[in-house]
Amino acid sequence: MSKSILHDKKEGTCYLCVLQNQDYALRTDLEEHHVMPGTANRRLSERYGLKVYLCRQHHREGPGAVHNNIQQQCFLQKKAQEAFETRHSHAEWMRIFGRDYTAF
Ligand SMILES: [Zn+2]
Ligand SMILES: [Zn+2]
């Protein structure tokens, strides 16, 4: 299993609570979320560490949960692309994922 390039699980925080609410509370309900959707992309998310740890409200349960809210999904995809491109390149991102998420 690869390590996330976005978020360190050992921190114990929810990625979206921190970035959107400045809430650094330590969570016991963290769930792993692969940022890029679909079976093939889930595998690629794993390989490149494009995953984050989320509280249940931000993962599947709340109105702002990434699985219920397309804007949250886009927010994470943009963050994943930015993190990827600091380590690889924009050309490589486009070759692998075929879409520029920073344009939204
Ligand atoms: Zn959260
Ligand atoms: Zn998920």
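Start at 1 and go down the list; that is how both ligands and their atoms are numbered. Values below: all heavy atoms of this structure, side chains included; hydrogens, waters and symmetry mates excluded.
If you look at His58 and ask which of its N, O or S atoms sits nearest the Zn ion (ligand 1), the answer is ND1.
Aromatic pair His67/His33: ring centres closer than 6.0 Å.
Relative orientation of the Tyr48 and Phe97 rings is perpendicular, given thresholds of 30° and 60° on the angle between their planes. Classification of the Trp93-Phe84 ring pair by plane angle, with boundaries at 30° and 60°, yields perpendicular.
Geometry note: the Zn ion (ligand 2) is the vertex, His33 ND1 and His67 NE2 are the arms, and the angle is 100° (rounded to 10 degrees).
The Zn ion (ligand 1) does not have His59 among its coordinating residues (no N/O/S atom, backbone or side chain, under 2.8 Å).
The backbone N or O of Arg56 sits nowhere less than 3.5 Å from a side-chain atom of Arg60 that would complete a donor-acceptor pair.
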